[in-house]
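Quick notes on the structure that follows.
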Amino acid sequence: MTPDQLSSVIVAALEALVADGSVTLPDGPPSTVTVERPRQKGHGDYATNVALQLAKKAGTNPRAFAELVKAQLEASDGIAAVDIAGPGFLNITVEAGAQGQVAADIVAAGVAYGTSEVLAGQSINVEFISANPTGPLHLGHTRWAVLGDLIARVLQAAGASVVREFYINDRGNQMDLFGASLEAAALGRPTPEDGYQGGYVADLAAVIVAEQPGIVDLPEGERLVAFREAGYALQLKQQQDQLDSFNTHFDVWFSERELHAEGFEGSVEETLQGLKDKGHLFEQDGALWMRTTDFGDDKDRVLIRTNGELTYFASDTAYYLNKRARGFDHCIYLLGADHHGYVGRLRAMAACVGDDPARTLDVMIGQLVKIMRDGEELRLSKRAGTIVTLNELMDEIGVDALRYSLARYPADSPLTLDIAEITKASHDNPVYYVQYAHARTCRMIANATDLGMSLPGDDFDAALLDHERDGELVRALAEFPRVVASAAELREPHRIARYLEDTASVFNKWYDTKECRMLPQGDDPVRPANLARLVLVHATQTVLANGLGLLGVSAPERM
RNA sequence: GCCCCCGUGGCGCAAUGGAUAGCGCAACGGCCUUCUAAUCCGUGGGUUGCAGGUUCGAGUCCUGCCGGGGGCGCCA
């Protein structure tokens with residue numbers, strides 16, 4: 001019996017109580033009830049707080065209400081015992097057979113185990129990283145890469161239709177500055193004011209000159225553009241290659257330039273005209289503004305500056321409309337804490353174009369991440385030219401450990417990573433702890449195969465999984481779909497990692513329990529209990545592999 | 001000044017309003033002829049920043065304060 005099934009059993013019990021008049025609920029019985037794994041041993045297999053939540057509505061006290069539910073539940077199939085504890089919790093013990101059956105169900109579901117339909121029908125765009133193509137990706141981008149990719153993965157697992165999108169800011173002042181910086185480096189001139197520094201600029205300039213020797217002889221102006229475009233292409237390619245290596249794959253790379261292209265449907269120009277028609281724009285001091293204060297922003301925002309240049313916000317508005325026009329009913333933006341000032345204007349902008357931002361827009365603000373080596377912070381400074389790049393991080397830490405280490409913390413938690421700690425190849429490193437547990441299931445299954453054991457099919461006797469540790473493991477495995485669904489709904493993929501650590505721990509404890517051996521010992525024959533436990537190991541392998549897969553981390557068969 | 005995030009053992013962090021607040025590191029002590037010891041078992045370590053409030057129940061929600069980070073440009 002899964003938690004969801006148990007929830008249904010409890011709902012049925014409540015319905016029966018209402019039907020026979022034992023209790024009166026003004027709103028009727030709830031359609032689902034909360035069922036959780038108690039933290040404390042001795043509180044049963046599952047606990048529910050329905051009595052605490054419904055007693056007042058039913059005009060009685062929690063314990064009296066609980067008594068009625070208890071009697072009803074005890075008569076239900078698959079329930080072994082029900083206790084009332086504390087203020088009115090119902091602690092439920094499930095029959096071993098009903099519970100053990102879950103293991104076989106997990107094996108049958110296979111790679112699909114953990115997926116659900118809770119977000120079915122939703123079309124979601126997840127935009128993340130969106131770095132300028134003017135430099136290498138660094139530590140901050142790395143965190144958003146992991147979070148964005150994982151949010152996309154859990155949303156998909158929950159049934160949503162998802163597109164991962166990278167918005168390329170390939171237009172405007174920064175690009176020109178980038179071109180000028182490359183040009184200066186190639187010509188041996190000093191870097192322009194506020195220009196790009198760092199060794200990578202000189203390296204890039206050298207590559208460009210090697211590929212296009214004639215570039216330095218181009219006329220002034222033309223030369224800058226040539227450097228800009230060549231640098232753009234190289235830098236973008238590098239970002240794309242590195243993200244591919246990092247197991248983060250985008251569906252759409254959207255160029256800001258497209259939004260300004262002549263004849264592009266939904267261009268910035270058209271967008272502004274549309275907003276003007278709706279009366280959300282006004283002119284002041286020679287600039288064109290959007291009246292975002294009508295929708296809760298701190299101040300109105302400029303779209304066209306006095307000098308005639310469009311602001312990024314103008315592009316952002318057209319881009320948002322473009323996403324909506326492509327059919328996304330939900331747009332997720334993943335921004336760094338240094339961009340949180342954007343939230344107000346994005347929401348107001350969505351309202352200006354006629355949307356309800358609470359429904360269509362989800363701006364997630366990720367907190368900053370620091371990284372330490374030998375007790376010292378590796379500082380990111382473009383000015384000083386010292387940048388902790390994604391490439392360096394992958395080289396030094398490895399893709400699995402790097403992804404996992406960033407995946408196991410919530411986005412709004414400021415984070416300090418220690419390189420020594422996350423690269424340590426031992427059990428105290430969570431990524432290897434989980435991977436090791438998976439590898440262990442693989443070895444066990446291989447050993448079982450060598451002994452001629454195979455999955456029992458219809459002969460599976462779930463009631464043989466009757467040890468306390470068996471039950472703990474089955475219940476841990478049974479949580480997986482709920483964890484994935486909540487990770488999707490809350491946009492909190494770190495829950496997957498935490499869950500896997502917990503489950504790996506339960507599995508390891510089970511493994512070390514003599515009474516729960518899967519393989520027959522010595523010359524013992526293979527008994528039905530051995531086969532039942534083989535099912536359990538298969539189910540564990542399924543959950544660990546599916547969970548690691550959701551994190552984009554490999555699930556090795558041997559370590 | 002205003003806005004956002006954070007404050008939980010020495011350190012890094014979990015905990016969807018539930019019961020006795022967990023995990024890893026660091027410290028100390030145990031178990032390998034038996035399915036992988038990268039596992040497991042045990043010991044010590046906490047007034048969840050402070051003060052109120054809501055609730056049957058608060059680390060979690062509300063108010064105020066203290067401390068840290070970030071943001072408040074016709075820059076990105």
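Quick caveat, the model's predicted, so the values are computed rather than measured. The sequence lines fix the lettering, A, B, ..., with proteins before strands; numbering per chain opens at 1.
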A:Glu489 atom CD, neighbour heavy-atom count above 12 within 6.0 Å
yes
Collect all protein-nucleotide pairs involving nucleotides 67-71 of chain B in which both atoms are nitrogen or oxygen and the distance is under 3.5 Å.
| unit_1 | atom_1 | unit_2 | atom_2 | d |
| --- | --- | --- | --- | --- |
| B:G70 | O2' | A:Ala337 | O | 3.1 |
| B:G70 | N2 | A:His340 | ND1 | 3.1 |
| B:G70 | N2 | A:His340 | NE2 | 3.2 |

task: Check whether any side-chain nitrogen or oxygen of A:Lys370 sits under 4.0 Å from OP1 or OP2 of B:G12, and answer yes or no.
output: no
Span that lies between the P atom of B:C62 and that of B:G46, in whole angstrom:
29 Å
Of B:C13, B:A76, B:C74, the nucleotide closest to the side chain of A:Pro410 is B:C13
A:Tyr432 OH to B:C25 P, in whole Å, measures 15 Å
Here the helical stems involving RNA chain B, each at least 3 consecutive Watson-Crick or G-U pairs closer than 3.5 Å, sorted by first residue number, are B:1-7 with B:66-72, B:10-13 with B:22-25, B:27-30 with B:40-43, B:49-53 with B:61-65
Ring-ring centroid check A:Phe178 A:Tyr232, cutoff 6.0 Å:
no
*Under the 3.5 angstrom rule, does the side chain of A:Gln239 hit a backbone N or O of A:Pro136 as a donor-acceptor pair?*
no
Checklist entry - Within the structure shown, what part of the strands sits under 4.0 Å from A:Ala437 by heavy-atom distance: base, sugar-phosphate, or nothing? => result nothing
| Cation-aromatic face contact A:Arg495/A:Tyr499, 6.0 Å, 45 degrees | no
- Please confirm whether any donor atom in the side chain of A:Thr306 sits under 3.5 Å from an acceptor in the base of B:C74, or the reverse. yes
A:Asn169 atom CG is separated from B:C75 atom C1', nearest whole Å, by 12 Å
- Within 45° of the six-membered ring axis of A:Tyr409 and under 6.0 Å from that ring's centre, is NZ or CZ of A:Arg498 located there? yes
(request) Could you measure between the two C1' atoms, the one in B:C32 and the one in B:C41, and give it in whole Å? (result) 14 Å
Discussion item. Has A:Thr48 got a side-chain atom pairing as donor or acceptor with A:Thr34's backbone, closer than 3.5 angstrom?
Written reply: yes
*Can you tell me, in whole Å, how much space there is between the C1' of B:C4 and that of B:U47?*
29 Å
A:His494 side chain near B:A15 phosphate (N/O to OP1/OP2, under 4.0 Å)
yes
Side-chain atoms of A:Asp285 come closest, of B:A19, B:C74, B:A76, to B:C74
Nearest heavy-atom contact between A:Ala401 and A:Tyr432 is CB-OH, 4.1 Å
Comparing nearest nucleotides in RNA chain B, the 5'-proximal residue of the pair A:Leu417, A:Ala85 is A:Leu417
Rounded to whole Å, the CD-C1' distance (A:Gln53 to B:U55) equals 12 Å
Keeping A:Asp297 on the side-chain end and A:Asp300 on the backbone end, is there a donor-acceptor pair under 3.5 Å?
no
**Prompt:** Do side-chain atoms of A:Arg37 reach the backbone of A:Asp45 as a donor and acceptor pair under 3.5 angstrom?
**Reply:** no
Whole-Å distance, A:Glu283 CD to B:C74 P, equals 16 Å
CZ (A:Phe507) and CG (A:Leu500) are apart, to the nearest 0.5 Å, by 13.5 Å
Given the 90°-from-0 boundary between syn and anti, B:C32 should be labelled syn
Identify every side-chain donor-acceptor pair in residues 55-64 of chain A under 3.5 Å, counting partners at least two apart or on other chains, and give the distances.
| unit_1 | atom_1 | unit_2 | atom_2 | d |
| --- | --- | --- | --- | --- |
| A:Asn61 | OD1 | A:Arg63 | N | 3.1 |
| A:Asn61 | OD1 | A:Ala64 | N | 2.9 |
| A:Arg63 | NH1 | A:Gly86 | O | 2.5 |

Looking at A:Phe89, is its backbone amide N or carbonyl O close enough to the side chain of A:Asn49 to form a donor-acceptor pair, meaning the two atoms are under 3.5 Å apart? no
ask   = NA contact type, A:Ile365, heavy-atom cut-off 4.0 Å: base, sugar-phosphate, or nothing?
value = nothing
Report yes if the ring of A:Phe89 lies under 5.5 Å from the six-membered base ring of B:G18 with planes under 30°, and no otherwise.
no
Q) Does the base of B:A19 carry an N or O that pairs as donor and acceptor with the side chain of A:Asn91 under 3.5 Å? A) yes
**OP:** Determine the interatomic distance between C1' on B:U54 and the same-named atom on B:G17; round to the nearest Å.
**Re:** 11 Å
Separation between the P atoms of B:C2 and B:G44, rounded to whole Å
47 Å
- Task: With C1' as the reference atom in both, quote the distance from B:A15 to B:G7 in angstrom, rounded to an integer.
- Result: 16 Å
Under a 4.0 Å heavy-atom criterion, the protein footprint on nucleotides 30-36 of chain B, written with B, S and -, is ----BBB
Is the distance between the ring centroids of A:Phe128 and A:Phe166 under 6.0 Å?
no
In whole angstroms, the gap separating P of B:U55 from CG of A:Asn49 amounts to 18 Å
* Look at all strands and tell whether A:Ser486 reaches a base, only sugar-phosphate, or nothing, counting heavy atoms closer than 4.0 Å. => base
Within residues 292-305 of chain A, those residues having any heavy atom closer than 4.0 Å to RNA chain B are A:Lys299, A:Val302, A:Arg305
| Separation between the P atoms of B:C28 and B:U20, rounded to whole Å | 34 Å
Separation of B:C13 atom P from A:Asp412 atom CG, nearest Å, is 12 Å
Sequence neighbours excluded, the answer for side-chain contact (heavy atoms from CB on, under 4.5 Å) partners of A:Ala532 is A:Phe460, A:Leu464, A:Leu465
I'd like to know if the side chain of A:Arg517 pairs up with that of A:Asn530 as donor and acceptor (distance under 3.5 Å, no hydrogens or angles considered). no
Heavy-atom nearest nucleotide on RNA chain B taken for A:Arg345 and for A:Gln40; more 5' hit belongs to A:Gln40
Here the distance between atom P of B:A14 and atom CG of A:Leu500, to the nearest Å, is 17 Å
- Task: Determine the interatomic distance between P on B:A19 and the same-named atom on B:U63; round to the nearest Å.
- Result: 25 Å
Practice task
Look at A:Arg495 and B:U16 and indicate whether a side-chain polar atom (N or O) is within less than 4.0 Å of OP1 or OP2.
Solution key: yes
- prompt: Between A:His43 and A:Asn91, is there a donor-acceptor pair closer than 3.5 Å when you use the side chain of the first and the backbone of the second?
  reply: no
Taken to the nearest whole Å, CD/A:Glu256 to P/B:C75 is 14 Å
State whether A:Ser413 places a side-chain N or O below 4.0 Å from either non-bridging phosphate oxygen (OP1 or OP2) of B:A14.
yes
Do A:Asn169 side-chain atoms and A:Asn132 backbone N/O form a donor-acceptor pair below 3.5 Å?
no
